[in-house]
Every structure is written in C-alpha cells, then in structure tokens.
Amino acid sequence: MGILDKFEHGVERVVNNAFAKAFRSEVKPVELASALRREVDDRAAVVDRDRTVVPNEFTIELSPDDHAQVDAWGAEALADELAANVTDHAASQRYAFVGPVTVQFSEHDDLETGRFRIRSATVRGAVAPASAAATPSTRHPLVDIDGQRYLLTGPVTVIGRGSEADIIVDDPGVSRRHLEIRVGPDGVVASDLGSTNGLYVEGHQVPAATLLDGNTLTIGRTRIMFWTGASDDRDE
C-alpha cells in the first residue's frame with residue numbers, strides 16, 4: 001500500500017469513527033459488501049502467473065445494535081447474498097478460491113453502532129466456486145452442475161441433497177449423500193453412495209467409474225459435466 005493509499009484509508013477510518021459517534025448510524029448491507037470486496041482485493045496473493053488466491057472465509061464483527069439489526073434483516077439470507085457478491089467480484093478480477101466462500105456475523109461489545117470489522121482467512125475445502133476463467137487439471141478437476149461450476153480442491157467431494165454434502169443439489173431425485181468423487185494419483189473415481197436412484201455415467205448405471213475428461217454424470221434429474229483439461233493437453 002502506497003503513502004497516498006494509507007492516507008486515504010486513514011481519512012476514511014477517522015471519518016467513519018466520527019460519523020458513528022455523532023450519528024450512531026447503523027451499518028448498511030451495501031457498506032458490508034463494499035468492505036468485503038476491499039478485503040478480497042487487499043489480501044489477494046499471487047501464487048503463479050495465472051493464479052491469484054484470495055480469502056474465502058469471512059467474519060463480520062458488529063456492535064450489539066448492528067448485530068440485532070442484521071438478525072432482523074435475516075442474517076442467513078444476508079450472509080448468502082454477501083458471499084455471492086464476493087464470488088462475483090472474484091470472478092470479475094480472475095481471483096481463485098481454495099474452498100467454499102462463507103460469511104458469518106459475530107457480536108462485539110467494543111464496537112459502536114455503525115462500526116464493524118472484517119476478519120478473513122484462506123481455508124482449503126473440498127470445493128471452491130469456479131469462474132469462467134478457471135482452468136481444471138487432473139489434480140483439481142472441474143464439475144459443472146446445471147450451469148454452476150466448482151473446482152474440486154479436496155481429495156474427496158460428496159454431492160447430494162443434504163446439508164452435509166460438499167455440493168448441495170436441489171433435486172428431489174437426489175439422495176442426501178448421493179455421489180462421491182475421489183481424486184487420487186491413479187485417476188478420479190465417482191462412486192454411488194447407496195443412493196435411491198443410482199449413478200449414471202454416459203447414460204449407463206454404474207456403482208462406480210473412473211472418470212475421463214468430458215464425461216457426463218447424471219443423478220436424479222441433475223446432469224454433471226466433468227472436466228480435467230486433459231483433452232486440451234492432448235490436443236496441443
């Protein structure tokens with residue numbers, strides 16, 4: 001951060017302090033969204049030429065009054081909207097995540113009404129939201145589930161309808177823990193987890209299958225496209 005940037009941040013901090021003390025104005029969702037985007041930009045870390053990693057877990061610390069206001073708005077719905085906003089911003093900047101994006105709120109007595117803090121962390125998970133610029137690999141394949149794209153960043157990913165799944169699918173024909181995708185040194189294996197309606201790979205029902213780049217999987221009425229980029233490598 002340059003001298004001018006530090007100065008601007010300092011002025012912003014002083015103004016916010018004075019405003020909060022004088023007017024005791026509650027925080028606004030748009031302020032939280034802007035602060036989250038700044039946090040992502042400030043903590044972006046260049047890993048290599050084509051990959052810049054940013055935090056994916058965020059805690060917004062609020063005063064008691066503001067925390068009560070967020071609860072009144074609907075904390076869970078607001079957190080989901082803020083997480084989606086962060087994900088969209090990261091996609092526009094070609095940032096990468098190493099795990100799912102989450103936002104939560106916590107109450108802190110040392111904060112006055114209108115003041116808040118953001119704490120962030122980069123925490124690896126089983127999946128991460130993938131932008132259009134994301135490049136799949138044999139180590140981190142990509143799945144497209146009805147238009148939603150995910151990078152498989154962990155060795156095991158569970159897909160299902162239940163909240164315990166790593167990727168949750170809103171499909172009544174999908175079991176709570178329907179499908180497991182395991183990434184290993186010898187390939188990627190998809191396994192049916194004893195689901196009611198089974199697993200289909202390229203239209204054939206199978207208990208398990210080693211996946212190839214471009215395979216199509218079906219669970220319930222949900223179609224899953226699987227990519228490793230291996231076909232592109234062979235074409236070069």
Side-chain angles (χ1 to χ4, degrees), residues 43-57 87 90-91 94-102 120-169 171 174-220 222-236:
R43 296 202 56 192
V46 178
V47 176
D48 55 42
R49 185 182 63 182
D50 300 318
R51 194 161 184 255
T52 300
V53 172
V54 294
N56 59 294
E57 292 193 358
T87 302
R94 294 178 172 265
Y95 295 149
F97 299 107
V98 299
V101 178
T102 62
S120 62
T122 302
V123 181
R124 184 171 295 278
V127 297
S131 68
T135 303
S137 66
T138 53
R139 183 181 177 189
H140 298 306
L142 184 149
V143 293
D144 184 308
I145 304 178
D146 291 340
Q148 289 276 55
R149 295 157 57 93
Y150 304 89
L151 274 178
L152 307 187
T153 51
V156 178
T157 303
V158 173
I159 302 174
R161 186 167 47 85
S163 59
E164 66 271 26
D166 299 305
I167 301 177
I168 299 174
V169 177
D171 181 342
V174 172
S175 298
R176 295 184 63 82
R177 289 171 53 88
H178 196 117
L179 166 67
E180 175 189 276
I181 299 178
R182 184 176 294 270
V183 180
D186 299 323
V188 181
V189 177
S191 302
D192 183 8
L193 295 176
S195 67
T196 301
N197 294 320
L199 163 66
Y200 293 79
V201 177
E202 298 299 327
H204 302 284
Q205 185 172 10
V206 293
T210 298
L211 300 179
L212 302 176
D213 188 57
N215 274 162
T216 300
L217 297 75
T218 305
I219 55 174
T222 299
R223 188 175 73 164
I224 303 170
M225 300 296 296
F226 174 83
W227 305 103
T228 63
S231 296
D232 294 337
D233 293 340
R234 289 195 297 269
D235 293 340
E236 292 179 355

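The structure displayed is predicted, hence computed values, not measured ones.
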Point to revise | side-chain contact (heavy atoms from CB on, under 4.5 Å) evaluation trace for Val188 with Ile181 | key: CA-CA 7 Å; Val188 181; Ile181 299 178; 3.5 Å; yes
Exercise for review: With side-chain contact (heavy atoms from CB on, under 4.5 Å) as the test, would you mind laying out the steps for Arg176 and Ser195 before giving the verdict?
Suggested key: CA-CA 8 Å; Arg176 295 184 63 82; Ser195 67; over 6 Å; no
Exercise for review: Show your reasoning for whether side-chain contact (heavy atoms from CB on, under 4.5 Å) applies to Val206 and Leu199.
Suggested key: CA-CA 6 Å; Val206 293; Leu199 163 66; 4.3 Å; yes
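The two residues Pro55 and Thr122 make their nearest non-hydrogen contact at CA-OG1, 3.4 Å. Between Gly198 and Gln205, the shortest heavy-atom contact is CA-NE2, 3.7 Å. Closest non-hydrogen pair, Leu151 versus Pro136, comes out as CD2-CA, 4.3 Å. Of all heavy-atom pairs spanning Phe226 and Pro141, the tightest one is CE1-CB, 3.5 Å. Here the closest heavy-atom approach between residue Pro129 and residue Val101 is recorded as CG-CG2, 3.8 Å. Residues Arg161 and Ile168 approach most closely at O-CG2, 3.7 Å, considering heavy atoms.
Side-chain contact between Leu179 and Leu217 is present, with at least one heavy-atom pair separated by less than 4.5 Å. The side-chain heavy atoms of Phe97 and Val53, taken from C-beta on, include no pair separated by under 4.5 Å. Side-chain contact between Glu202 and Asn215 is present, with heavy atoms from C-beta onward closer than 4.5 Å. Within the 4.5 Å cutoff, side-chain heavy atoms of Thr222 are placed close to those of Val174. Counting only heavy atoms from C-beta outward, the side chains of Thr157 and Ile167 approach each other to under 4.5 Å. Taking the side chain as every heavy atom from C-beta outward, Ile224 and Thr218 never approach each other to under 4.5 Å. The closest side-chain heavy-atom distance from Leu142 to Tyr150 is not below 4.5 Å.
Although no hydrogens or angles enter the test, the distance criterion places no donor-acceptor pair under 3.5 Å between the side chain of Thr228 and the main chain of Ser137. Side-chain N or O atoms of His140 include one that pairs as donor or acceptor with a backbone N or O of Leu152 at under 3.5 Å. Using a distance-only test at 3.5 Å, with no hydrogens or angles considered, no donor-acceptor pair links the side chain of Asp144 to the main chain of Met225. Between the side chain of Thr153 and the backbone N or O of Gly125, at least one donor-acceptor pair lies under 3.5 Å. Using modelled atom types, one side-chain atom of Asn56 and one backbone atom of Pro100 make a donor-acceptor pair closer than 3.5 Å.
Put simply, CG on Leu211 and OG1 on Thr216 are 10.5 Å apart, with the number rounded to the nearest 0.5 Å.
Of the options Val158, Asp192, Leu193, Ile159, a side-chain contact (heavy atoms from CB on, under 4.5 Å) to His178 is made by Asp192 and by none of the others.
Side-chain contact, Ser120 with Arg43: a donor N or O sits under 3.5 Å from an acceptor N or O.
The pair Glu164-Arg177 does not count as a salt bridge, with every side-chain nitrogen at least 4.0 angstrom from each carboxylate oxygen.
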